[in-house]
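Just below is one structure, and these are the notes that go with it.
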Amino acid sequence: MTTTKSKVVYSPTFTDGAEFQIPTFKLLKQDGSLYKGGKAPALKKDKALRIYKAMVTTRVLDERMLAAQRQGRLSFYMQCTGEEASVVGSTAALDDADMIMAQYREQGSLAYRGFTIDEFMNQLFGNEMDYGKGRQMPVHYGSSKLHYMTISSPLATQIPQATGYAYGQKLAGKGHCTITYFGEGAASEGDFHAALNMATVHRVPVIFLCRNNGYAISTPSVEQFAADGVAPRAYGYKMDVIRVDGNDILAVYEATQAARKMAVEENRPVLIEAMTYRLAAHSSSDDPSGYRSKDEEAVWREKDPILRMQRWLQKKKWWSEDEEKQLQESLRKEVLETMKRAQKRSPPPLESLITDVYDKVPPALNAQFEKLKTHIRKYPEAYPKSANDAAITSKGGA
Amino acid sequence: MAKMNMLQAINDALDIAMAANDKVLCFGEDVGVFGGVFRATSNLQQKYGKDRCFNTPLVEQGIIGFANGLAAQGSVPVAEIQFADYIFPAFDQIVNESAKFRYRSGDLFNVGGLTIRAPYGGGIAGGLYHSQSPEAYFAHTPGLKIVVPRNPHQAKGLLLGSIHDPNPTLFFEPKRLYRASVGEVPEGEYQLPIGEAEVLKEGSDITILGWGAQMEVIEQAVEMAEKEGISCEVIDLRTILPWDVETVAESVLKTGRLVVTHEAPLTGGFAGEIAATIQERCFLYLESPIARVTGMDTPFPLVLEKEHFPNHLKVYEAIRESVEF
């Protein structure tokens with residue numbers, strides 16, 4: 001049974017979709033004033049400052065931790081730099097108990113929800129206080145209490161999971177939704193298409209937020225897709241879509257707030273394409289000078305989302321130069337001190353190697369662990385992280 | 001007790017699980033009003049509504065991605081992949097996501113509620129893409145459980161066990177037996193243990209190990225061997241991962257001989273893993289090399305299916321060769 005309601009023509013008629021032009025929603029100019037005709041969303045001072053501080057925290061953390069990586073303190077790092085408004089603005093528009101299923105560049109969401117610098121550091125250094133027990137590379141954060149799903153490296157896998165998670169939320173009927181973040185590169189994966197299609201077919205309260213930051217590592221978006229961005233794909237799935245200036249905190253906030261209302265009240269999933277720019281390298285292992293120009297970066301540096309919000313706050317007399325200076329200084333100090341503490345903490349216990357594979361350790365895995373312990377006891381100097389572990393020194397069976 | 005075929009037993013298990021817990025959901029391609037192409041989900045949508053039993057779009061990676069999300073949220077998804085041959089688009093979601101969810105999050109999150117059902121195996125003139133037995137691919141992935149039932153009674157109890165198990169579980173159903181295998185099935189809820197093999201018949205000369213539809217093949221082969229006075233111990237492994245090393249090792253320590261049989265190809269098949277472990281555990285007790293009777297290292301054929309198949313004659317021959325070694 002075909003379900004198309006299209007009109008009939010009597011000669012071959014092709015269309016390339018050019019008649020669909022998706023506009024970009026903007027409110028805030030770079031000087032901190034509003035565009036003519038633009039109206040700021042209702043945003044109280046407290047909330048505006050919570051958003052702003054989360055953005056600045058993200059920026060400072062990123063700067064300091066990249067430096068720490070360069071000094072060899074840390075194996076790896078990924079920055080959110082340039083995309084803070086897309087991430088924090090959208091998270092701030094949600095209920096704090098809505099689920100976040102992110103890609104890996106969304107530490108701003110955690111900063112907004114109150115993940116402490118100490119919690120960030122414990123994960124980055126994979127120490128005994130890391131919730132992930134030192135199992136994943138840096139920046140793979142997770143927090144059940146903050147409703148932030150632990151990051152997984154494979155790209156786009158979180159997108160259909162978000163559709164499923166949100167379907168469960170719909171059945172639970174408590175009025176929550178899920179937001180999932182991904183880049184325009186990840187949107188090429190099959191999982192993206194599966195997720196959007198299933199979301200509209202099953203009417204799921206989920207928000208798909210694409211950070212179109214121009215690059216997938218070195219591949220520019222013009223080599224990622226021929227279409228005008230990611231947004232037009234929503235039409236193919238009969239999904240509501242909005243494109244927003246991703247460096248405009250007010251536009252991102254308002255768009256996501258409206259999207260959440262549609263998702264939660266009407267079970268209408270929404271695609272948001274946030275147009276932004278990855279000002280930093282893909283990761284600490286990447287060097288953008290091999291694939292893009294300093295001039296191009298400079299153009300986007302001028303569009304810094306944090307500076308834009310700061311100017312808006314100052315115009316409203318909600319923020320001053322002094323407060324800015326104080327915030328920057330105290331954050332830098334906190335990051336440095338916390339980093340030193342986190343770095344000194346012990347690695348996770350040796351037993352964490354075999355727990356959580358299953359709910360209980362299977363006998364065959366226990367046998368492997370016993371063998372490993374015997375081996376480490378024989379060559380303790382080869383395993384400095386666990387030579388003094390209780391499992392080794394106690395000599396008892398597991 | 002009621003007489004049921006395997007499909008009815010599976011349907012009964014799903015019905016019981018859905019009745020007991022609102023969070024149990026059944027979905028997949030054609031699973032809704034039609035009840036699945038094999039009818040394993042018959043009447044579930046009619047009984048529990050479209051929200052809990054439904055068709056999905058034709059996208060296996062989406063089905064399992066969706067199921068992973070649901071399980072992480074606290075639902076109990078029972079996702080159907082129409083044929084095990086079509087599970088591979090979902091390989092990433094199963095191997096990189098389901099299997100690693102708990103470990104990578106330090107147990108902050110898990111998808112323990114997830115069960116994936118898929119019909120597997122040959123013998124139905126299904127050719128390359130309706131015959132495969134993919135258990136070994138998944139057996140290489142810590143974090144998954146893999147269960148294969150041999151008859152209706154086992155299917156119901158093991159499926160309920162899988163649904164209740166707090167780990168993501170692949171439940172491979174021997175589709176050749178869907179209607180062919182009929183037996184007495186207890187009424188109401190009962191669970192059979194996951195991770196435990198079952199000794200079906202005790203014997204002293206040789207151990208024959210298999211799972212799923214191969215148990216029927218083993219039964220025929222053993223009947224032939226016993227007529228010649230060879231005493232066979234028969235074990236149904238039931239859970240491929242994590243597998244019950246103790247039960248198998250204990251048996252081989254007694255008999256000194258082992259034949260393992262599965263439909264999947266020889267190279268990289270799960271029999272290889274069993275043989276390696278058992279020779280390690282039972283080396284000084286072995287009277288003959290551990291034999292593997294499996295499909296050939298070819299794609300699953302169509303017209304020459306019978307030649308390819310590890311049937312009772314091939315198993316019987318392996319038993320004789322082992323005893324006469």
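Convention: sequence-line order gives letters A, B, ...; per-chain numbering from 1. Because only heavy atoms are used, hydrogens play no part in the values below, and waters and symmetry mates are left out as well, while side chains stay in.
Without hydrogens or angle criteria, A:Glu119 side chain to A:Thr116 main chain gives a donor-acceptor distance under 3.5 Å. A donor-acceptor distance shorter than 3.5 angstrom exists from the side chain of A:Ser143 to the backbone of A:Leu146, with no hydrogens or angles considered.
Residue with the most contacts toward chain B among A:Lys360, A:Gln136, A:His140: A:Gln136 (heavy-atom pairs, distance under 4.5 Å). For chain B, the option among A:Pro362, A:Ala195, A:Ser152, A:Pro348 with the highest count of heavy-atom pairs below 4.5 Å is A:Ser152. Heavy-atom pairs under 4.5 Å with chain A were tallied for B:Ile64, B:Asp107, B:Asn110, B:Val245; the largest tally goes to B:Asp107. Here A:Asp191 is the residue among A:Val201, A:Thr163, A:Asp191, A:Val204 with the most heavy-atom pairs under 4.5 Å with chain B. Of the listed residues A:Ser153, A:Gly168, A:Ala367, the one with more heavy-atom pairs under 4.5 angstrom with chain B than any other is A:Gly168. The greatest number of non-hydrogen atom pairs below 4.5 Å with chain B, out of A:Arg135, A:Gln169, A:Met101, A:Lys133, is found for A:Arg135. Chain B forms the most heavy-atom pairs under 4.5 Å with one residue out of A:Leu353, A:Asn197, A:Asp130, and that residue is A:Leu353.
A side-chain donor-acceptor contact under 3.5 Å links A:Gln161 and B:Gln93. In the model, B:Thr247 has no side-chain atom that pairs as donor or acceptor with a side-chain atom of B:Glu196 under 3.5 Å. Between the side chains of B:Gln61 and B:Asp92, no donor-acceptor pair is found at a separation under 3.5 Å. Checked by atom type, the side-chain pair B:Asn68/B:Ser98 shows a donor-acceptor distance below 3.5 Å. Of the N and O atoms on the side chains of A:Tyr181 and A:Thr91, at least one donor lies less than 3.5 Å from an acceptor on the other residue.
With a 4.5 angstrom heavy-atom cutoff, A:Met149 touches chain B via backbone and side-chain atoms both. For B:Ser75, the part sitting under 4.5 Å from any heavy atom of chain A is the side chain, from C-beta outward, and nothing else. Only the backbone of A:Ile151 comes within contact range of chain B, with at least one heavy atom under 4.5 Å from a heavy atom of that chain. Only the side chain of B:Leu25 has a heavy atom closer than 4.5 Å to any heavy atom of chain A. Heavy-atom distances place both the backbone and the side chain of B:Asp51 under 4.5 Å from chain A. With a 4.5 angstrom heavy-atom cutoff, A:Ala172 touches chain B only via side-chain atoms. Both the backbone and the side chain of B:Ala72 come within less than 4.5 Å of a heavy atom of chain A. Heavy-atom distances place the backbone of B:Asn55, and not its side chain, under 4.5 Å from chain A. Neither the backbone nor the side chain of B:Lys100 comes within less than 4.5 Å of any heavy atom of chain A. Within the 4.5 angstrom heavy-atom criterion, no atom of A:Thr178 approaches chain B.
Ring geometry for B:Phe66 versus B:Phe27: interplanar angle over 60°, hence perpendicular rather than tilted (30 to 60°). Ring orientation note: the planes of B:Tyr86 and B:Phe83 are nearly perpendicular, at an angle over 60° on the 30°/60° scale.
Looking at A:Glu351 and A:Lys373, no side-chain N of the basic residue comes within less than 4.0 Å of a carboxylate O on the acidic one, giving no salt bridge.
Taking OH of A:Tyr148 as the start and CZ of B:Phe109 as the end, the distance is 10.5 Å to the nearest 0.5 Å.
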